[in-house]
Number of protein chains: 2
Amino acid sequence: MAVKNDEANIGVVSSSKTYHNPTEATLDRIGGKWKTAILCMLAEQGALRNGEMMRMLSPITQKMLTQQLKEMEADGLILRTVYPEVPPKVVYELTESGRSLRKVLDPLCDWGKQFMKI
Amino acid sequence: MAVKNDEANIGVVSSSKTYHNPTEATLDRIGGKWKTAILCMLAEQGALRNGEMMRMLSPITQKMLTQQLKEMEADGLILRTVYPEVPPKVVYELTESGRSLRKVLDPLCDWGKQFMKI
DNA sequence: CTGAATCCTGAATGATACTG
DNA sequence: CAGTATCATTCAGGATTCAG
């Protein structure tokens, strides 16, 4: 997913893989275990804090939430804003590119509804 | 992906997970490393044989191709037809459900084009 | 409150050899 | 031609602990 920090590739936003078709490039960016859930939440709620997302995505771990958010930030899908307060306040929201994913997430969501048992 | 053959779940087409949202149900079915590539090929070509797909997806291994096809067949996305000939002839094509994935694959493909370098 | 740093396990994928 | 069967490897994901 996203970036592999080997020596020759530090800080590079997008790895230089070769895909069989463009769908694989998309899945590389939204295929993480929690990414579509996070993206859908942010699309609905607008902007959220770490703690809020932790609760909504339970039982996600802090490590996974942070990791998935970081990767998506590096991929330009999410904007992370730190407010210099005490205690710390950090807010996450979709970027323009992240919002453009709606065209992808909506069909993904529609098709999957036939299997939902919630 | 697809089925987990533990004792209580043999032969069940769809595992009984609980998802945070329907997108995860979709990704469970098309998220394998080669699945979208296979599905797109079949959507374009109509029907293909094992050897044809092996060549088009190179460097996929025989094991992975068979495995991904089996899972998608179990999920009702692909139809496998064996012609009783010598040498053997087996043809794969999309089912109705598989064809309905076009609504998902097309947006997935469109969005990913911005990252293609081929 | 937000998040970094380690360590660890299992699933997913791959290499290779064999078969009706 | 179209697979199976094993073994090896890699890597995403998870548990736990520490920090500003």
Side-chain angles (χ1 to χ4, degrees), chain A residues 1-6 9 15 17 19-20 24 27-38 42 47-75 78-93, chain B residues 1-6 9 15 17 19-20 24 27-38 42 47-75 78-93:
Chain A
M1 226 75 46
V3 182
K4 297 191 176 178
N5 281 326
D6 54 49
N9 212 13
S15 62
K17 299 181 186 177
Y19 304 109
H20 286 85
E24 297 178 348
L27 289 181
D28 254 11
R29 290 165 175 79
I30 68 169
K33 183 170 182 182
W34 307 89
K35 289 189 180 177
T36 58
I38 294 173
L42 291 176
L48 291 169
R49 303 180 58 176
N50 180 64
E52 295 174 319
M53 291 192 276
M54 281 293 284
R55 275 174 246 116
M56 302 177 72
L57 294 177
S58 177
I60 193 176
T61 63
Q62 177 65 58
K63 174 199 168 185
M64 284 311 298
L65 178 57
T66 303
Q67 177 184 306
Q68 305 272 297
L69 286 170
K70 262 190 176 176
E71 290 179 359
M72 292 193 287
E73 188 192 1
D75 284 334
I78 285 183
L79 177 64
R80 177 179 184 267
T81 308
V82 182
Y83 293 87
E85 307 173 0
V86 178
K89 176 181 177 183
V90 180
V91 168
Y92 297 91
E93 60 194 315
Chain B
M1 230 71 49
V3 182
K4 295 194 177 176
N5 281 327
D6 55 48
N9 213 11
S15 62
K17 301 182 185 176
Y19 304 109
H20 286 84
E24 297 178 348
L27 289 181
D28 253 10
R29 288 163 178 81
I30 68 170
K33 182 170 182 184
W34 307 89
K35 289 189 180 177
T36 58
I38 293 172
L42 291 176
L48 291 169
R49 303 180 57 174
N50 180 66
E52 296 174 319
M53 290 193 276
M54 281 294 284
R55 274 174 247 117
M56 302 176 73
L57 294 176
S58 178
I60 194 177
T61 63
Q62 176 66 58
K63 173 195 167 185
M64 283 311 295
L65 177 57
T66 302
Q67 178 184 308
Q68 305 271 297
L69 286 170
K70 264 189 175 175
E71 290 179 0
M72 291 192 288
E73 189 193 0
D75 283 336
I78 285 184
L79 177 65
R80 177 180 184 267
T81 308
V82 183
Y83 292 87
E85 304 173 2
V86 179
K89 177 181 177 182
V90 181
V91 168
Y92 296 91
E93 60 195 315

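All values below come from the heavy atoms of this structure, side chains included, with hydrogens, waters and symmetry mates left out. To find a chain, count down the sequence lines: A is the first, B the second, and so on, and within it residues start at 1. All values reported here derive from a predicted model rather than from experimental measurement.
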Task: Which residues share a side chain to side chain contact (heavy atoms under 4.5 Å, CB included) with B/S58, sequence neighbours left out - done: none
- [ ] Go along nucleotides 14-20 of chain C 5' to 3' and tag each nucleotide: B for a protein heavy atom under 4.0 Å from its base, S when only backbone or sugar atoms are that close, - otherwise.
- [x] BB----B
Open item on the list: Check the phosphate of C/dG3 against A/R80, side-chain N and O only, distance under 4.0 Å to OP1 or OP2. Yes or no?
Closed with: yes
Task: Residues touching DNA chain D, which here means a heavy atom under 4.0 Å, drawn from residues 51-58 of chain A - done: none
Task: Interatomic distance, B/Q67 CD vs D/dA5 P [rounded to whole Å] - done: 13 Å
Task: NZ-NZ distance between B/K35 and B/K33, expressed to the nearest 0.5 angstrom - done: 14.0 Å
Open item on the list: Taking side chain to side chain contact (heavy atoms under 4.5 Å, CB included) as the definition, give me every residue that meets it alongside A/V86, ordered by chain and number, with sequence neighbours left out.
Closed with: none
Open item on the list: If the cut-off is 4.0 Å, is B/Y92 near the phosphate of D/dC1, judged by side-chain N/O to OP1 or OP2?
Closed with: no
Open item on the list: Just the rounded figure in Å: distance from C1' of D/dG13 to NZ of A/K70.
Closed with: 16 Å
Open item on the list: Check this for me: B/K89, atom NZ, are more than 12 non-hydrogen atoms of other residues, nucleotides or ligands nearer than 6.0 Å?
Closed with: yes
TODO: Return the set of residues passing side chain to side chain donor-acceptor pair (under 3.5 Å) with A/Q62 (not counting sequence neighbours), or none when no residue passes.
DONE: A/N50, A/T66
Open item on the list: Whole angstroms only, please: what is the CG-P distance between A/L69 and C/dG3?
Closed with: 8 Å
- [ ] Quickly work out the B/E71 CD to D/dG3 C1' distance and round it to whole Å.
- [x] 16 Å
TODO: Could you tell me, to 10°, how much the axis swings from one end of the helix from C/dC1-D/dG20 to C/dG20-D/dC1 to the other, five pairs per end?
DONE: 50°
Open item on the list: Could you work out, with side chain to side chain donor-acceptor pair (under 3.5 Å) as the rule, every residue matching B/R49, not counting sequence neighbours?
Closed with: none
Open item on the list: Does C/dC1 have its OP1 or OP2 closer than 4.0 Å to a side-chain nitrogen or oxygen of A/R49?
Closed with: no
Open item on the list: Less than 4.0 angstrom between a side-chain N/O of A/Q68 and OP1 or OP2 of D/dA12, yes or no?
Closed with: no
Open item on the list: For a side chain to side chain contact (heavy atoms under 4.5 Å, CB included) check, start with the C-alpha distance between B/R80 and B/L69, then their side-chain angles and the critical distance, and finish with the verdict.
Closed with: CA-CA 9 Å; B/R80 177 180 184 267; B/L69 286 170; over 6 Å; no
Task: Between D/dG13 (P) and A/I38 (CD1): distance, integer Å - done: 11 Å
Task: Residues that A/T61 engages under side chain to side chain contact (heavy atoms under 4.5 Å, CB included), provided they are two or more places apart - done: A/K63, A/M64
Open item on the list: I'd like to check A/W34 versus B/H20 (side-chain heavy atoms, cut-off strictly below 4.5 Å). Are they in contact?
Closed with: yes
Open item on the list: Among residues at least two apart in sequence or on other chains, which ones pass side chain to side chain contact (heavy atoms under 4.5 Å, CB included) with A/M56?
Closed with: A/M41, A/Q45, A/L48
Open item on the list: Whole angstroms only, please: what is the CZ-C1' distance between B/R29 and C/dA12?
Closed with: 18 Å
Task: Donor-acceptor under 3.5 Å (B/E24 side chain, B/Y19 main chain) - done: no
- [ ] Could you check B/T81 against B/E93 for side chain to side chain contact (heavy atoms under 4.5 Å, CB included), going step by step and ending with a plain yes or no?
- [x] CA-CA 8 Å; B/T81 308; B/E93 60 195 315; 4.1 Å; yes
Task: Between C/dA11 (P) and B/D28 (CG): distance, integer Å - done: 14 Å
Open item on the list: Check this one for me: any side-chain N or O of A/K35 less than 4.0 Å away from OP1 or OP2 of D/dG13?
Closed with: no
Task: Selection from D/dC1, D/dA2, D/dT4 that lies nearest to any side-chain heavy atom of B/V90 - done: D/dA2
- [ ] Report which part of the nucleic acid A/Y83 touches: base, sugar-phosphate, or nothing (heavy-atom distance under 4.0 Å, all strands).
- [x] nothing
Open item on the list: Output the rounded distance in Å from CG (A/L65) to P (D/dA12).
Closed with: 18 Å
